[in-house]
Amino acid sequence: QVQLVESGGGLVQAGGSLRLSCAASGRTSSSYDIGWFRQAPGKEREFVATISWGGGSLSYADSVKGRFTISRDRAKNTVYLEMNSLKPEDTAVYYCAAGHHPALGPRTREYYGYWGQGTQVTVSS
């Protein structure tokens, strides 16, 4: 079993920055890839970024590429999402997820079997 807890959300002005954290616990948590997803009001949950267990493979949604950075501190069992140059359209609940589906890619929701509760990010104009 894996437990995930997000933190770091809040209210920021456009152009500002936030760093989200995803703390993972569980004896097998280190064997999973980690993804970040977000869900804005009235929209489906969408892929943001993913990082492999070893940290050697990263992927970003086109909408955040160049602005967001995902990283992993294996010693702390924590994954971070550094968000810079935030825009109002980044406003959403951000979720971290852990998992590994052998037949799917890590950009899909179905790839992940464990999800955190989400943290709200609001970007004001």
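Nothing here was measured: the structure is a model prediction, and the numbers come from that model. The figures here come from the full heavy-atom set of this structure, side chains too, leaving out hydrogens, waters and symmetry mates.
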For this session: Please report the C-alpha distance between Tyr114 and Tyr32 in whole Å, then the side-chain angles of each, then the deciding distance to 0.1 Å, and finally whether the ring pair (Phe, Tyr, Trp, His ring centres under 6.0 Å) criterion is met.
Result: CA-CA 10 Å; Tyr114 302 93; Tyr32 295 103; 5.6 Å; yes
Exercise. In the single-linkage hydrophobic clustering (I, L, V, M, F, W, Y; side-chain heavy atoms under 4.5 Å), do Tyr60 and Phe47 co-cluster?
Worked result: no
Exercise. Cut-off 3.5 Å, side chains only: do Asp73 and Tyr80 have a donor facing an acceptor?
Worked result: no
For this session: Go through Leu58 and Thr50 one step at a time and tell me if the side chain to side chain contact (heavy atoms under 4.5 Å, CB included) criterion holds.
Result: CA-CA 6 Å; Leu58 297 83; Thr50 186; over 6 Å; no
For this session: Answer yes if Val48 and Val12 sit in the same cluster of Ile, Leu, Val, Met, Phe, Trp and Tyr residues linked by side chain heavy atoms under 4.5 Å apart, and no otherwise.
Result: yes
Problem set entry | With Gln13 via side-chain contact (heavy atoms from CB on, under 4.5 Å) - residues at least two apart | Ser124
For this session: Measure from the side-chain N and O atoms of Ser52 to the backbone N and O of Ser57, and report whether any donor-acceptor pair falls under 3.5 Å.
Result: yes
For this session: For side chain to side chain contact (heavy atoms under 4.5 Å, CB included), just list the numbers for Asp33 and Ile51, CA-CA rounded to whole Å, side-chain angles, deciding distance to a tenth of an Å, and then say yes or no.
Result: CA-CA 6 Å; Asp33 298 334; Ile51 187 170; over 6 Å; no
Problem set entry | Common cluster, Leu104/Trp115, ILVMFWY with side-chain heavy-atom separation under 4.5 Å | yes
For this session: Mind checking the OG-NZ spacing from Ser59 to Lys65? Nearest 0.5 Å is all I need.
Result: 6.5 Å
For this session: Nearest 0.5 Å please: distance from the CG atom of Leu18 over to the CG atom of Leu86.
Result: 5.5 Å
Exercise. Side chain to side chain donor-acceptor pair (under 3.5 Å) with Arg67: which residues, sequence neighbours excluded?
Worked result: Asp90
Exercise. Are the ring centres of Tyr112 and Phe37 closer than 6.0 Å?
Worked result: yes
Exercise. Can you name the side-chain contact (heavy atoms from CB on, under 4.5 Å) partners of Glu44, sequence neighbours left out?
Worked result: Arg109
For this session: Would you please name every residue forming a salt bridge (charged side-chain N to carboxylate O under 4.0 Å, His left out) with Glu46, sequence neighbours left out?
Result: Arg38
For this session: Apply side chain to side chain contact (heavy atoms under 4.5 Å, CB included) to the pair Trp36 and Ile70, showing each step before the final yes or no.
Result: CA-CA 9 Å; Trp36 283 98; Ile70 188 171; 3.5 Å; yes
Problem set entry | Nearest non-hydrogen partners of Val93 and Gly118, listed with the distance | CG1-CA, 3.8 Å
For this session: Over all heavy atoms of both residues, which pair between Val2 and Ala98 is shortest? Give the atoms and the distance, please.
Result: CG1-CB, 4.2 Å
Problem set entry | Pair Glu6-Tyr95, side chain to side chain contact (heavy atoms under 4.5 Å, CB included): steps then yes or no | CA-CA 7 Å; Glu6 303 96 333; Tyr95 300 87; 3.8 Å; yes
For this session: Would you name the heavy atoms of Ala40 and Ala92 that are closest together and state the gap between them?
Result: N-CB, 3.8 Å
Problem set entry | Pairs where residues 42-106 contributes a residue and the test disulfide (SG to SG under 2.5 Å) is met, not counting sequence neighbours | Cys22-Cys96
Problem set entry | Lys76: partners by salt bridge (charged side-chain N to carboxylate O under 4.0 Å, His left out), with sequence neighbours left out | none
Exercise. From Ser63 OG over to Glu89 CD, what is the distance, rounded to the nearest 0.5 angstrom?
Worked result: 9.0 Å
For this session: Taking the side chain as every heavy atom from C-beta outward, state whether Ile34 and Arg72 have any pair of such atoms under 4.5 Å apart.
Result: yes
Exercise. Judged by modelled atom types alone, do Ser17 and Asn84 share a side-chain donor-acceptor pair under 3.5 Å?
Worked result: yes
For this session: Would you give the length of the straight line joining atom OG1 of Thr119 to atom OH of Tyr94, rounded to the nearest 0.5 angstrom?
Result: 10.5 Å
Exercise. Hey, what do you get for CD (Gln117) to CD (Gln3), rounding to the nearest 0.5 Å?
Worked result: 12.0 Å
